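Beneath this line is the structure, given in structure tokens, with notes to follow.
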Amino acid sequence: MKFKEKVLVIGSSGQIGGELVEGLRSIYGNDHVIASDIKDLSKDEIKKIAPYETLNVLNSKRVFEIVKKYEITQVYLLAALLSATAEKNPMFAWDLNMNGLFNILELAKEGHIKKLYWPSSIAVFGPTTPRQNTPQFTIMEPNTVYGISKQTGERWCEYYYNKYHVDVRSLRYPGLIGYKSAPGGGTTDYAVHIYHEAIKHGKYECFLSENTSLPMMYMPDAIKATLDLMHADSDKIKIRSSYNLSGMSFSPKEIAQEITKHYPDFKITYKTDNRQTIAESWPQSIDDSVAQRDWGWKARFDLQKMTSDMIKHLKGSI
Ligand code: SER
């Protein structure tokens with residue numbers, strides 16, 4: 001049955017998008033997965049990722065046209081402004097993160113698509129949330145624009161499920177780390193840049209302080225979690241707001257120590273900026289036992305395994 005699905009990925013040029021398109025195409029076949037992004041790609045770039053459509057998720061008419069043109073059955077909506085960028089442009093972040101979601105929820109409500117994936121984030125938590133092993137259900141008072149938009153989005157997803165039976169599924173991603181694409185404007189981006197800089201220059205100036213521990217996940221785990229969630233039987237998905245998801249937790253000092261095992265001369269220095277305040281409002285570790293129980297989630301990568309794999313793949317390419 002899976003192969004009858006036609007999937008639209010919105011935000012395919014982003015950090016998760018490219019890898020998710022790859023993962024989905026290996027399951028559904030190339031022509032069954034349509035990549036789309038607001039970016040105007042060159043002819044050569046389009047050739048590599050085709051089928052591809054230039055798409056602004058805020059243009060609901062064009063989203064509808066594309067859904068009809070390709071007979072789309074599932075949407076993965078990844079287009080969003082992340083935490084640091086959203087603080088610089090709060091009104092646009094709110095518009096994109098909320099109205100983008102509403103456009104797809106409405107399509108699902110009207111029966112034009114059958115299933116929707118929408119990512120949430122550890123940013124839904126805030127300074128009053130318990131920071132260690134943050135439970136699935138807890139105090140949530142986010143104080144960033146991004147966090148407020150994700151928490152509100154979660155409430156609306158659950159509402160559309162309860163009220164209109166929209167099959168919407170979501171994960172609260174921790175910071176994501178991968179070698180295939182660059183992150184775009186998040187507080188956890190340092191954990192990607194640090195590998196590039198270690199390999200290229202043997203040093204890195206970190207915008208978070210040395211003991212700022214945050215929940216993180218290696219991209220292959222994040223893609224697997226996303227696909228596992230979307231392929232689980234609907235009756236197993238008990239949470240329609242968003243699932244806690246945990247991979248590993250580490251601080252800049254700890255990731256630097258791990259990198260030193262591969263590059264003994266590697267040096268990290270610290271110069272914090274406003275992202276430090278954002279990081280301090282987020283949990284340090286996440287309890288994802290509900291995801292484990294409901295649909296069998298288990299992460300495979302820890303800091304050591306991820307570091308070896310990142311360095312192995314990046315070494316030849318930068
Ligand atoms: N990685 C994201 C950010 O830092 C969190 O969802 O904004």
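Just so you know, ligand 1 is whichever comes first in the structure, and atom 1 is the first atom listed for that ligand. Just so it is clear, the structure is predicted and the values come from calculations on it, not from any experiment. This chain uses plain numbering: 1 for the first residue, then up along the sequence. Computed over heavy atoms, backbone and side chain alike; hydrogens, waters and symmetry mates excluded.
Residue contacts with ligand 1: T188 is included, with a non-hydrogen atom under 4.0 Å away.
The salt bridge (charged side-chain N to carboxylate O under 4.0 Å, His left out) test applied to E106 returns K109, not counting sequence neighbours. Not a single side-chain hydrogen bond (donor to acceptor under 3.5 Å, both in side chains) links E210 to another residue, sequence neighbours left out.
Between Y243 and W297, the ring center distance fails the sub-6.0 Å criterion.
The side chain of W282, and not its backbone, has at least one atom closer than 4.0 Å to an atom of ligand 1 (non-hydrogen atoms only; side chain from C-beta on).
Within 6.0 Å of the NZ atom in K236, the count of heavy atoms belonging to other residues, nucleotides or ligands does not exceed 12. Remark: K47 NZ is loosely packed, at most 12 non-hydrogen atoms of other residues, nucleotides or ligands lying under 6.0 Å away.
Of all the atoms in ligand 1, the ones that sit under 4.0 Å from a non-hydrogen atom of L82 are 7 (O). In the vicinity of S83, heavy-atom distances shorter than 4.0 Å reach the ligand 1 atoms 3 (C), 4 (O), 7 (O). Close approach of ligand 1 to Y146 is summarised as follows: ligand atoms under 4.0 Å from at least one heavy atom of the residue are 5 (C), 6 (O), 7 (O). Of all the atoms in ligand 1, the ones that sit under 4.0 Å from a non-hydrogen atom of T187 are 3 (C), 4 (O), 7 (O).
For ligand 1, none of its N or O atoms has an N or O atom of Y173 under 3.5 Å away.
With salt bridges taken as basic N to acidic carboxylate O contacts below 4.0 Å, none links K115 and E5.
Summary of contacts: the protein heavy atom closest to atom 5 (C) of ligand 1 is S121 OG, 3.4 Å.
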